[in-house]
Amino acid sequence: MTSTWNENFSLFTERFAALARMLEPLIPANLSRGLKAAGQDSLQGQDAVAFLNATFPFYNFSISKSGALTASQNGLPLHSAYNPKAEAERAAATIKDSEKEIIVFAGIGLGYLPIAAAQIPGAEQKTFVILEPSAPHFFAALASLDFTELFKIPKLFFVIGADVEQAATLVQCAGGFEKSQTFAQKSQTAHAQEWFDAFFKRGQQHKDKAQVNTNTLEKFGRLWLKNGARNLRQMQELAGVSSFFGAARFGQDEALPCVLLAAGPTLQTVLPHLKEIQERAVTIAVDTALRACLKAGVQPDFIFLTDPQYWAWRHLAGLSSPQSILVAESAAYPSAFRFDCKKIVLMSSLFPLGKYFEERLGKKGSLASGGSVATSAWDFARAIGAKEIYAAGLDLGYPNKQTHIKGSSFEEAAHNCSKRQNPAEGQTARILFSAKNQEALDFEGNKIITDERMKLFAWWFENAISASPATKTYSFSKKGLAIKGVEFRSIDDFLKKPKITEQKAAFFDRAERSAAASLYDKEKFAALLNELTCGLKKIESLSKKGIALCNDILCGDSRAAKRIGELDAIDQEIMGSDAKNIAALVFPTARQLEKLFLSVNIPQNPFLANAAKSKIIYTELAKSIEEFLKIC
């Protein structure tokens, strides 16, 4: 058996030298002696079973009816007692027709399934990720079966003894959970069930986030492009938020604290102290919290607006905050750039149009986005150098069954729309008793109503906070959804901090001096816009040519084979264009394309079916570009 072990571990060491060195101290002594250990390399049958049972006592090894090795743990069979190899081959067969690019094996067992999967036609094109939190269980597999075929997979990754976050990050870097097919068998994960449960939860969160991104693109893609096109002048003329990055640090090892003002119900407890807070910190309000701040007599230092929708702009409409700096996305609703404030600066765009210019002319200032304006505001506080971020109203739930702070734009809108048949209280009730709502715990361990969307935001904060250990995050309330890494601090404790009027003035002065660096040269901007326009016009022309070729094929043109070659050339030219990502912003998602395909009569003939689908794709692409060019 040590022969199998040594051959496998040698192949493993060749591919994963650093990981092998980390695991080496954990190898059982009678394996680490090597080939000449009492002739154990030649053990077969029941002698091999006895050796493995002695080396890995957590398993009960035995010989299956087919003569192949099998095992169980705590009474749960890892593999078939009759023919474990055939069982694995049947399970692996599903990979052959799967469109998933990543194959995740949750728990290795004795290795039958990944070995069988490696021999499926086309397996070499897939990414294999093998998760085994227990090093001894991994060693047991290497000592049991021949892994030679598995080690031939070019894109092979082992996650051995790592934590859940590392494993989830690896899958994301490999392509993402939405592109993965996972094999999990209860008996092969039971030894580390808590680890695997946490991993599966992380996987679902990543899938949920990807689904949100797809839904958002489908719903707002055209809006982003329209707003971005109308705001091109703002992109050229306005400075970037990057001028503030690092400016909150001063002295040897000191930094200005920041207070993040969100519109959750618990913001109400902070408002009476807001003037004193502003004397001791940089205040950053999300758009939904501004109205409440102004009613409390405070104009926050910064206001964040990242949502391109008209309704997001409505949170600021009719308000005035001449002492505040508005941080906006270049795809914000155009009216936002007429907001009465001290200054408007741009964050780096989250969308292809803004990215096109920034990649060539310079970044405005990248801030993370976790699906909520509060995530970008938190990341801004981190980026300017704050070591302490205090959150007010970041409830991510409905404490005391309240949905928003009193006096917020949400509440005012509800009252403005209130009717006898649809009172404001009824609108609140619909939110609270939504079928998607669920219970979670606040910072005191009490139950709070929240929903999947806000739990996703909480997960984002947990990851961001974990990745930024130099920045501590606190909450002024214990009533919001508990976020791992966030601690409670009372307002009374915070107000013991000294006033920082002079330091804040110096902070703004430093930022002002560096603002010019993020401005774009007018002539370079105009030249780049012309280049983009020409690129899109070329893609539009190619798309129309593609439509004509598809029509020829569908009409039975005798030169159909030649037409296919011409279509391939068109596709390559489009994919090589720098402008393709702009058109992609309003191009249908894969899900929308499938709906379009179902809405028309696609021919049964595979050759003609491809032509019909290609025609739909070219048509949608041409429509998207035409829409953008009209705005420009």
Side-chain angles (χ1 to χ4, degrees), residues 216 219-220 223-235 237-244 258-264 267 282-295 298-351 353-355 358 364-381 383-384 391-394 404-405 408-410 412-413 457 460 511 515 518:
T216 303
K219 188 173 182 179
F220 300 119
L223 177 61
W224 289 334
L225 191 60
K226 287 179 180 178
N227 288 356
R230 289 169 179 154
N231 296 336
L232 284 172
R233 183 174 63 84
Q234 312 295 346
M235 199 182 302
E237 294 180 351
L238 295 178
V241 73
S242 59
S243 60
F244 292 94
C258 289
V259 173
L260 170 58
L261 303 166
L267 179 61
V282 176
T283 51
I284 306 167
V286 303
D287 49 5
T288 51
L290 178 61
R291 191 176 298 271
C293 293
L294 295 179
K295 284 187 175 181
V298 172
Q299 298 179 35
D301 296 313
F302 293 93
I303 304 164
F304 261 74
L305 176 68
T306 59
D307 193 324
Q309 297 181 81
Y310 167 76
W311 292 109
W313 150 245
R314 288 292 300 167
H315 297 312
L316 306 185
L319 302 180
S320 175
S321 191
Q323 297 174 23
S324 303
I325 294 174
L326 176 64
V327 180
E329 226 282 352
S330 61
Y333 194 76
S335 298
F337 294 99
R338 297 194 292 273
F339 178 63
D340 180 19
C341 60
K342 179 180 178 182
K343 183 180 181 180
I344 301 177
V345 296
L346 294 178
M347 59 183 282
S348 283
S349 182
L350 304 172
F351 315 119
L353 180 58
K355 289 180 178 180
E358 290 192 52
K364 293 292 185 180
S366 297
L367 294 175
S369 173
S372 165
V373 64
T375 58
S376 296
W378 180 92
D379 199 47
F380 171 71
I384 67 175
L394 188 66
H404 299 93
I405 184 176
S408 70
S409 50
F410 284 108
E412 292 204 359
F457 297 157
W460 183 94
S518 59

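The figures here come from the full heavy-atom set of this structure, side chains too, leaving out hydrogens, waters and symmetry mates.
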Which atom pair, heavy atoms only, marks the closest approach of [X] to [Y]?
X	Y	value
Ala289	Leu261	CB-O, 3.5 Å
Val286	Ala377	CG1-CB, 4.4 Å
Ala392	Leu267	CB-CD1, 3.9 Å
Ala374	Leu260	O-CD2, 3.9 Å

4.5 Å side-chain heavy-atom contact, [X] and [Y]:
X	Y	result
Leu290	His315	no
Asp287	Thr306	no
Phe304	Leu367	yes

Taking [X] for the side chain and [Y] for the main chain, is one N or O donor matched with an acceptor at less than 3.5 Å?
X	Y	answer
Asp307	Ala312	no
Ser376	Ala368	yes
Ser321	Gln299	no

Quick one: [atom1] on [X] to [atom2] on [Y], what's the gap to the nearest 0.5 Å?
X	Y	atom1	atom2	result
Thr288	Ile303	OG1	CD1	11.5 Å
Tyr333	Arg230	OH	CZ	7.5 Å
Ser330	Glu358	OG	CD	6.5 Å
Ser372	Leu394	OG	CG	7.5 Å
Arg291	Leu319	CZ	CG	4.5 Å
Ile344	Leu238	CD1	CG	6.5 Å

If the condition is side chain to side chain contact (heavy atoms under 4.5 Å, CB included), which residues does [X] pass it with, not counting sequence neighbours?
X	result
Ser518	Ala239, Ser242
Ala381	Cys258, Ile284, Ile389
Ser243	Ala511, Ser514, Ala515
Val298	Leu274, Lys275, Gln278

Qualifying residues under side-chain hydrogen bond (donor to acceptor under 3.5 Å, both in side chains), relative to [X], sequence neighbours excluded:
X	answer
Gln234	none
Glu237	Arg233
Thr375	none

Quick one: do Ile325 and Phe244 satisfy side chain to side chain contact (heavy atoms under 4.5 Å, CB included)? Show the steps, please. CA-CA 11 Å; Ile325 294 174; Phe244 292 94; 3.6 Å; yes

Give every residue pair that meets the salt bridge (Lys or Arg N to Asp or Glu O under 4.0 Å) criterion with at least one member in residues 317-335, sequence neighbours excluded. none

Report, one line per pair, each donor and acceptor closer than 3.5 Å where one atom sits in a side chain of residues 334-342; sequence neighbours left out.
| unit_1 | atom_1 | unit_2 | atom_2 | d |
| --- | --- | --- | --- | --- |
| Ser335 | OG | Arg338 | NH2 | 3.1 |
| Asp340 | OD2 | Ser320 | OG | 2.4 |

Passing candidate, side-chain contact (heavy atoms from CB on, under 4.5 Å) with Phe302, options Thr283, Val282, Leu326: Val282

